Amino acid sequence: MQYQDTGWIGIAFTLMLVFFVLFNIRRAGKNNDIYIRKIPGLNAIDEAVGRATEMGRPVLMVPGLGELNAISVQALRIFSYVARTAVKFSNPIRLCCSQAPVFAVAQEIIRDVYQQEGVPEKFDDETVQFLSDRQFAFAAAVSGKILREKTAATFFMGEFFAESLIFAETANAIGAIQVASSTENTQTPFFIAACDYVLIGEEFYAASAYLTREPVLVGSLIGQDWSKIAILITIIFGFMMESVQRGQMTGMEKQPDGSYTPIAEQRLKKANETFMHNVFNPDPPKPLEITRPQKPAEEGAGGGE
Amino acid sequence: MILANATNFWARESGSGGLFLMVFLTLAICAALIFGLLQMPSRLRRPVVATFTFVSGLFYVLLWIWPQAQDRKPTDLPANFTESVSFWLSDALPKIANVSNILTAFLLGLGVFSLMRVHLTRLAKKQRDWSFSIVLLVSMISITIFGYWDWAQRQGMTPLQLEEATKIENWTTARLGQSLLFDGLLQAMDAAMFSLIAFYILSAAYRAFRIRSIEATILLASAFLVMFSLLGLADLFWSNMINAAGGSDPASFINNFRLSEIAGFIQKTFQVPGIRAIQFGIGIGALAMGLRLWLSLEKGGVS
């Protein structure tokens, strides 16, 4: 990290958020009776899987196009819940992956679900499939699967890009119940337009806590709420300070090196002289004069023409 | 001092004995690790995996938190302890990234194996839609053969020979096949899939904008205003009306009703704060998820 440009405030704020999350995770074990507001998209999971069972059609899940990261892992956690519900009803599952590492992890998670439910023999090669890591080849493959197998319920959760609407509209065309969520802001409106239920923003990360009520996850969720409150307070404090300070008069002028010199006539404060600006934009650094020891020159190096 | 010398740890010369020794040692350590993990009692596996996860994550956390050395030149040696650690971390980054690339390559093999098994089984058992499996297998094998053949032919060529080889009159069978399959078919089919989105947007927009509730009506009205502000002709027509109603005076209140002003108000006052609020939620959620994974606090399938 480059502290000279950004100062210490960013890292201090991040460490505070980390503390909030860890503190609440530790605290949550003591109090399990914590209210989480209703999330209709997650309440609809059982309904969607139940409908698929009645119709005798598979449930399709796609964890997005992203690499193996926090987003795809969160999507797989939600899918493990969906898969458990589907396995209880003996419903076939189709989990389609576009990234090989996600496929490998997904295969293990879903196989575990089948084993825990006592039906490991029902897990087959088509339950979790790697289709293609090319965006539109993957889109074509998933759309083909939706149309051929007439999936009754579809779950799209994770990082989606331009292909999101292809999936959602194809599933909509065959009347499948759709629950979707994308961490990409540009794709969320498409899902809202085409899907029955959409998890927006942090609802995606709240899903596992909502579904399992595990103390660690619930505590983490409270930590997230504390973090949001901290951000909200900072924003309110920031705009109040700006509103007050921009109306104040000053008799000093800020110099490029960060020092202040008196001026002849008082004037209103400039935007770069307010408290909040100074917190997020520390004084410009003085010219760098770095002298470091040098590596010894290699024999025969340099000098030739 | 140890860390200062360690900057060379990540930069062995290509083809040197030291490099081969490191490769051999790495392979031996990996083999020992795999053997050890297989032999380990199940109750010990979780702490071992948790330790590996923590150490791997710690590298990236340190890389982010530790002050970065400024204006570093290839001949520089670290001036103090902080710089020693910083040099070591930045030198190690490409090597650590290579590890994840190699793992991804192995996992890709696993994915391709799964794909082939599904389709070969379908073909062998003449299951439903087995003809599609033939198309997939033939495409996959042929593009691999032509791609590799073309790549092999271009190895060892000088830049001038490469330039000559790309001219269409000098195309070999391998280049022709590769171009036909990749540029002629795959790219074209990608573009065809992408173009479908335009039609899907239309049908999705129709459903979203149907006036069913107050929210849908507000959405419809805002969308129309923003879209009209981007249409030059509509903007010109509306601007003329505003000018005729006294808008030619810049101080006139009616100037606030220009399409560009209304669209700007909708975007800056409602859209941008809304998106930022969602992004805050997503960012904090990702931070909490990352922490739980790094510290192996999650129970269940993924940690």
Side-chain angles (χ1 to χ4, degrees), chain A residues 1-4 11 17-18 21-22 25 70-71 73-74 76-77 80 97 100-101 103-105 108-109 112-113 125-126 129-131 134 136-137 139-140 148 162 165-166 168-169 183 185 190 192-194 200-202 204-206 214 216 220 223-224 227-228 231 288 290-295, chain B residues 64-68 70-79 83 103-104 107-112 114-115 117-118 121 128-129 132 186 189-190 193-194 196-197 200-201 203-205 207-208 275 277-282 284-293 295 297-302:
Chain A
M1 191 158 177
Q2 192 55 272
Y3 290 89
Q4 208 148 12
I11 198 123
L17 304 187
V18 167
V21 173
L22 293 180
I25 286 175
I71 299 165
V73 167
Q74 175 61 16
L76 292 177
R77 270 198 75 95
S80 72
C97 302
F103 161 74
V105 175
E108 289 307 310
I109 290 174
D112 265 5
V113 169
D125 290 340
E126 293 199 48
Q129 267 191 280
F130 170 77
L131 296 175
R134 279 186 76 86
F136 289 106
R148 285 195 302 275
L165 199 58
I166 298 178
E169 279 296 290
T183 50
N185 278 325
F190 289 139
I192 291 174
I200 300 173
E202 77 259 28
F204 173 65
Y205 288 103
E214 274 180 35
V216 167
S220 165
Q224 287 167 238
S227 305
K228 275 181 275 179
I231 290 173
L288 288 173
I290 301 170
T291 46
R292 292 196 183 104
Q294 298 293 302
K295 283 179 189 171
Chain B
W64 180 63
I65 287 180
W66 202 266
Q68 195 184 329
Q70 292 189 36
D71 194 28
R72 184 186 169 186
K73 295 183 179 67
T75 55
D76 282 352
L77 285 172
E83 283 204 346
L103 276 175
T104 307
L107 292 170
L108 184 65
L110 196 69
V112 172
S114 153
L115 195 66
R117 199 164 68 171
V118 167
T121 310
R128 199 170 69 117
D129 300 327
F132 295 139
L186 190 60
M189 285 190 288
D190 268 357
M193 279 306 289
F194 188 48
L196 282 179
I197 295 171
Y200 285 137
I201 286 176
S203 66
R207 282 204 310 280
I275 288 175
I278 292 173
Q279 279 172 337
F280 274 131
I282 291 172
I284 294 169
L287 175 80
M289 182 78 194
L291 266 177
R292 294 200 304 267
L293 287 175
L295 302 174
L297 293 171
E298 295 237 351
K299 287 175 188 163
V302 287

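Everything quoted here is computed from the prediction, not taken from an experiment. Here is the naming used below: chain letters follow the sequence lines, and residue numbers restart at 1 for every chain.
- Top candidate by heavy-atom pairs under 4.5 Å with chain B, chosen from A/A104, A/A162, A/A206, is A/A162.
- With contacts defined as side-chain heavy-atom distances shorter than 4.5 Å, the pair B/E83/B/D76 does not qualify.
- Both the backbone and the side chain of A/V18 come within contact range of chain B, with heavy atoms under 4.5 Å apart.
- Between the side chain of B/S114 and the main chain of B/L110, no donor-acceptor pair closer than 3.5 Å is present.
- Counting heavy-atom pairs under 4.5 Å between each of B/V112, B/L186, B/T104, B/L295 and chain A puts B/L186 at the top.
- Of the residues considered (A/F130, A/F136, A/F204), A/F136 shows the highest number of contacts with chain B, using heavy-atom pairs under 4.5 Å.
- Contacts with chain A were tallied for B/L196, B/V118, B/I275; B/V118 has the most, counting heavy-atom pairs under 4.5 Å.
- Heavy-atom distances place no part of B/L103 under 4.5 Å from chain A, backbone and side chain included.
- Only the side chain of B/F280 comes within contact range of chain A, with heavy atoms under 4.5 Å apart.
- Closest of all the heavy-atom pairs between A/A193 and B/A204 is CB-O, 3.9 Å.
- Interface residue A/R148: backbone and side-chain heavy atoms are both found under 4.5 Å from chain B.
- Heavy atoms closer than 4.5 Å to chain A are found in the side chain of B/L291, but not in its backbone.
- In terms of non-hydrogen atom pairs under 4.5 Å with chain B, the most contact-rich of A/Q224, A/Q74, A/E169 is A/E169.
- Contacts between B/L287 and chain A at a heavy-atom distance below 4.5 Å involve the side chain alone, from C-beta outward.
- Taking chain A as the reference chain and counting heavy-atom pairs below 4.5 Å, the highest number among B/I284, B/L108, B/T121 is found for B/I284.
- Heavy atoms of A/I231 lying under 4.5 Å from chain B belong exclusively to its side chain.
- Between chain B and the options A/I200, A/V21, A/N185, heavy-atom pairs under 4.5 Å are most frequent for A/N185.
- Taking the side chain as every heavy atom from C-beta outward, A/T183 and A/Y205 approach each other to under 4.5 Å.
- Among the candidates A/E126, A/E202, A/Q294, the residue making the largest number of heavy-atom pairs closer than 4.5 Å to chain B is A/Q294.
- The closest side-chain heavy-atom distance from A/V105 to A/V73 is not below 4.5 Å.
- Contact check on B/R292 versus A/E214 returns no salt bridge, with no Lys/Arg side-chain nitrogen under 4.0 Å from an Asp/Glu carboxylate oxygen.
- Contact record, A/V216 with B/L297: CG1-O, 3.5 Å, taken as the closest heavy-atom pair.
- The backbone N or O of A/G223 sits less than 3.5 Å from a side-chain atom of A/S227, completing a donor-acceptor pair.
- Only the side chain of A/L22 comes within contact range of chain B, with at least one heavy atom under 4.5 Å from a heavy atom of that chain.
- At a threshold of 4.5 Å between non-hydrogen side-chain atoms, the residues B/L107 and A/F103 do not count as touching.
- Here the side chain of A/K295 pairs a donor or acceptor atom with the backbone of B/P74 at under 3.5 angstrom.
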